[in-house]
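Take this structure first; my questions come after.
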Amino acid sequence: MVVESEEVRHESSEEYDSEEYEDDDEVLDTEHIDVELEEDDFKTQGKERCKDAFLNFSSDYEDNEADEDNDLVDEDEEGFGSEEEIDDTAGANDLDLGDAVGAGFPIHDPSVKWNKMKPLLGERYESPHQLQQCLTNYAIKSGYNIKFAKCDTVRLTAKCGSKMKSQPCPFRVHASWMTQERSFQIKTLVDEHKCVRNFNISNLLSPRWLARHFLKELIMKPNLKCKEMQSIIRTKFHCGVSWSKAYRTRCRAMTIIDGKLTEHYARVWDYCHELLRSNPGSTVQVGVTVNPDETTYFHRMYLCFKAIKEGWKIGCRRVIGLDGSFLKGTCKGELLTAIGRDANNQVYPIAWAVVDIENKANWKWFLELLTEDLNLLDGGGFTVISDQHKGLLEATKEVLPNVEHRQCARHIYANFRKTYSGVEFKNMFWAASLSTVESEFLRKMDDIKEVNPNAYEHLIARDPHTWCRAFFRTDVACEAVENGITECFNAIILDARKKPLLAMFEEIRLYMMDRFYHMLQKAEKWESVVCPAAIKKMNKFGEDLRNWNVNPSGPSIFEARNGLEGYVVNLQSRVCSCRLWDISGIPCVHAQCAILFTGQDPVHFISEWFHVDRFKAIYANNILPVNGRNLWPRTSYIKPLPPLARRMPGRPTLKRKRHATESQDKYSQNKMKVTGKGRTVQCKNCLQRGHNKASCKNPKVTPEPKPKKKMGRPRLDPDISHWTRGGVRGGVRGSRGGARGSRGGRGGNRGGAVGNTGDVVANRGGGVAEVGGVAEVEGGGVAEVEDDTIPEKYLVHLWKAMQDLKQSRYSTEEIKKSLSLTDSHMKQLNDYNDTIEQVLPMSMEEEYPPQTETQDGDEENIPETQPESEEEEEGINDTHELPVHLRIVKKRRPSERIVKTKLKKMGCVGTSSNSPLELD
């Protein structure tokens, strides 16, 4: 059963039951704020009320005590040390005060600063816990560790916590209840330390003790990090604590500041009535759930201030963004928000509500209250932008049947990208979404259909009228296709969503009060008639203004053209055939060209929705202040309990999970890495894709052996090395080396080395310059060959090299590239391959000088034989008649055994090496 309260109107900022503190080291009590007393006043008061001589002596002793640095040290909240048996016999400083009258002994003053506290013999306390706090403060301030051997409701015994066994420290305090009055009194005190003052007091710095000292810091800076708290503790108390202890300290301090969870929900009714009292006309509604056992649990709460909704009615455009976000605190739930857009196109929160879950029922309840506050009626003339939540879509159709409901294009693309990813689909989708004319939209969709018809059907099924500009209304002055403005507000209140219910509402209210004030102050500094955001957007629309030409047709009718594109602009009606001016209310580039053609300022043609006067009217009335919870009225309603916890699986996250399509922020752009996400793995066991070897359950499959390839690159015949690009490049660079020889020996050597790489007679010192000279004579580069045919004496070598490359699985293009052959060369070699069956490179007599063979069968090189005639020498060595890329270097002659082996491989068995085959 859900019980709804009546409407409540108004809000207040949560005030803490604490006042301003004067000193950073001051102890802040949960019940009240201690007021620090001056040291001299404290001593005077002690002397006045303590007339006993012993107490006067104690006061004088305290007067002579030197003031020490106000340092804070370490921990334990309830660690009382080991319970050892302590001798309770009286010593030199023991008093038998059992029958004494307690009126003459001093009373502990808890309002004294913590670092001024010091235990006194005979001092009376209201409880053992109060004495324990005093001793802890004294030990932390002095830097000596203590431990509580006995600490219960009857007695308290503390001694020094030093672990030095050779020289025990005499410090000891013992206290118990007095017999004649209800006071806890120090009976024994030995205030003397013989141990080392090393500030090793981390066991005294408990989260409870530290939390009381961090109240002021956390009130002034709620986002104080645990790392920063560790640094503060180390600086103030000269002792370090762990991160987990700092975290527990922060949690305990925030609990003191914000109150316990049950207290928050117990005072929901009081808070609502205070809002109605301070802000009349506001809407506050609380829903509770009553179980059969009559226990009442909090269900949901709606809040809309009168100043906010009146400001929206006066000056905001009739566009509302709806969205829900998760609460990050102890009690989980959803925060539903309705966000408007002010005259400067900025965030304008209208109403917000806390619900247990985001569903149709809660959205319908929220929209019904919002419709009543803003007078939306059936939604006619209004626009709503939201995501694709099914409950929200159905609730909007029921509550606002005539409203224009736009769906966030980013959410549409996020679902589209799951199936159709890639840059091409992304660009085509956004081009279609941002189209302002229906014909342009259809062309963009046809482009998508050509690439993938299924992608086209996917987008058509999502109703393009809700996410494409071409179908938007033209009377709301808003061309937005995304609902990013609501995401912006959710990010603003991220820290507030981590807090309990009332603390979150108070922080949002304070944020809105501060925003209204500063927006109004900001508007006073604007000199233009139009808000700056509208002018900035207009300048963005007119970036390519220079490319458009204007052809007038009348006083207010123009045609803007850019090549084959043309649009009609009517300045009197303030419309353009591209529809961007109609939708956004800001002149497009075509309208700006026409306006400038008439000599007017385009700023004056911006819609009135963006005027500064409307902006000031929106923020004219602010939210009224609200009293703190100490002044909230007490109501007679049943106090609701916190909602039952709904723990979700996994570790709770604080940051919103960004989709892959969203742009990263400035801190994460530099951290983007290329990952293997989206790749399909292949199993090495069964050779199937979709899983790996560890999870494979299929039988093992042996892959087919791959054909073995010869290691390295196939070696070419040296006689045809000039056909490769390296040879040509080497010859040319060799000529450059020769040309630079005059500048220094190093240049010539470099040229020779480069020539050697190209296999063009580079090893011969003067050959480089000679080749260079030839290239220069022939035109400074590689000489052109008029007859593009292979000389007959090179044909056999090239044919043999081509056969070797084919056996190495080279393609035709790779052979042409490796041997620097043209199409005519390949045709010539193919014709030669058809007509000849057995080929030898050259005459063995001319090509290979005779060699001898050693006894081991190894070859022994014999110097080359001299040519028999000058004509033969010219036929072999005279390369001036050939172009650079056709020159060759003589090859060493192999032994007779190697020649016979080659002949057998080529099918020339029985042929003598002295009678080589001749070519026809």
Side-chain angles (χ1 to χ4, degrees), residues 317-321 341 345 379-388 393 396 402-417 420 424-453 455-485 537-538 540-544 548 559-570 573-592 607 609 661:
R317 288 167 285 170
R318 299 303 181 246
V319 180
I320 302 174
R341 297 169 182 259
N345 203 31
F382 298 91
T383 299
V384 170
I385 307 178
S386 68
D387 55 12
Q388 293 180 287
L393 297 178
T396 305
N402 295 329
V403 74
E404 181 194 23
H405 196 164
R406 301 180 187 178
Q407 298 187 59
C408 180
R410 184 179 61 80
H411 290 84
I412 298 289
Y413 174 70
N415 295 329
F416 175 74
R417 184 181 179 273
Y420 310 100
E424 183 180 12
F425 278 120
K426 176 183 178 181
N427 295 336
M428 289 191 297
F429 170 82
W430 287 110
S433 177
L434 299 178
S435 302
T436 56
V437 184
E438 185 175 359
S439 59
E440 182 184 1
F441 168 76
L442 295 177
R443 287 196 303 270
K444 301 299 182 182
M445 294 300 295
D446 290 339
D447 295 340
I448 298 177
K449 189 174 183 180
E450 291 179 2
V451 177
N452 192 324
Y456 171 83
E457 297 296 336
H458 177 92
L459 294 177
I460 292 297
R462 267 64 184 176
D463 190 8
H465 290 79
T466 62
W467 52 268
C468 178
R469 287 178 177 175
F471 307 101
F472 288 172
R473 296 177 51 179
T474 59
D475 56 348
V476 294
C478 180
E479 80 288 358
V481 296
E482 298 184 46
N483 196 24
I485 198 165
K537 183 179 290 188
M538 185 188 67
K540 185 177 181 180
F541 288 166
E543 287 179 350
D544 58 343
W548 292 87
E559 180 181 351
R561 298 197 63 85
N562 181 10
L564 298 178
E565 297 184 27
Y567 298 93
V568 178
V569 179
N570 191 329
S573 302
R574 298 193 174 189
V575 295
C576 177
S577 58
C578 75
R579 295 187 73 251
L580 182 59
W581 191 7
D582 312 1
I583 299 172
S584 63
I586 299 175
C588 58
V589 61
H590 324 114
Q592 294 181 44
S607 174
W609 289 110
T661 59

Any non-hydrogen side-chain atom of N345 less than 4.5 Å from a side-chain atom of R317? yes

R462 and T466: which non-hydrogen atoms are nearest, and at how many Å? O-OG1, 3.6 Å

Exercise: identify the closest heavy-atom pair between R341 and E482: NH2-O, 3.9 Å

Between F425 and F416, how do the two ring planes meet: parallel, tilted or perpendicular, split at 30° and 60°?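 F425 and F416: perpendicular rings.
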
What pairs of donor and acceptor atoms, side-chain ones from residues 575-588 against any protein atom, are under 3.5 angstrom apart with sequence neighbours left out?
| from | atom 1 | to | atom 2 | distance (Å) |
| --- | --- | --- | --- | --- |
| S577 | OG | V568 | N | 2.9 |
| R579 | NH1 | T436 | O | 3.0 |
| R579 | NH1 | R469 | O | 3.3 |
| R579 | NH1 | A470 | O | 3.1 |
| R579 | NH2 | F472 | O | 2.9 |
| D582 | OD1 | C576 | N | 3.2 |
| S584 | OG | L580 | O | 2.7 |
| S584 | OG | I586 | N | 3.3 |
| S584 | OG | I586 | O | 3.3 |

Just verifying a value: how many Å separate K449 NZ and L442 CG, rounded to the nearest 0.5 Å? 11.0 Å

Closest contact, heavy atoms only, G381 versus R318: O-CB, 3.8 Å

Okay, side chain of S433, backbone of W467: is any donor-acceptor separation there less than 3.5 Å? yes

Rounded to the nearest 0.5 Å, what separation is found between the CG atom of N562 and the CG atom of D544?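 It is 7.0 Å, given to the nearest 0.5 Å.
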
Kindly indicate whether the side chain of M445, heavy atoms from C-beta on, has any atom under 4.5 Å from the side chain of I460.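 In short, these two side chains touch, coming nearer than 4.5 Å.
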
Considering non-hydrogen atoms only, spot the tightest contact between Q388 and N415 and give its length.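 For Q388 and N415, the tightest heavy-atom pair comes out as OE1-ND2, 2.6 Å.
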
Rounded distance [0.5 Å steps], CZ in F541 versus CD in Q592: 9.0 Å

Going from NZ on K444 to CG on D447, what distance comes out if it is rounded to the nearest 0.5 angstrom? 6.5 Å

To the nearest 0.5 Å, atom OG1 of T383 lies from atom CG of D475 at 7.0 Å

Step through it carefully: locate the ring centre of F471, locate the ring centre of F441, and say whether they are under 6.0 Å apart.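 Here the rings of F441 and F471 have centres that are less than 6.0 Å from each other.
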
Nearest-0.5 Å distance that lies between atom CD1 in I448 and atom CG in N427: 10.5 Å

Mind listing the closest non-hydrogen atom pair of D387 and L393 along with its distance? O-CD2, 4.0 Å

Check the pair Y420 / F429 against side-chain contact (heavy atoms from CB on, under 4.5 Å), numbers first and verdict last. CA-CA 10 Å; Y420 310 100; F429 170 82; over 6 Å; no

Contact between Y456 and E450 at the side-chain level, heavy atoms closer than 4.5 Å - yes or no?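 No, too far: nothing below the 4.5 Å cut-off.
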
Shortest non-hydrogen contact from K540 to E543? O-CG, 3.2 Å

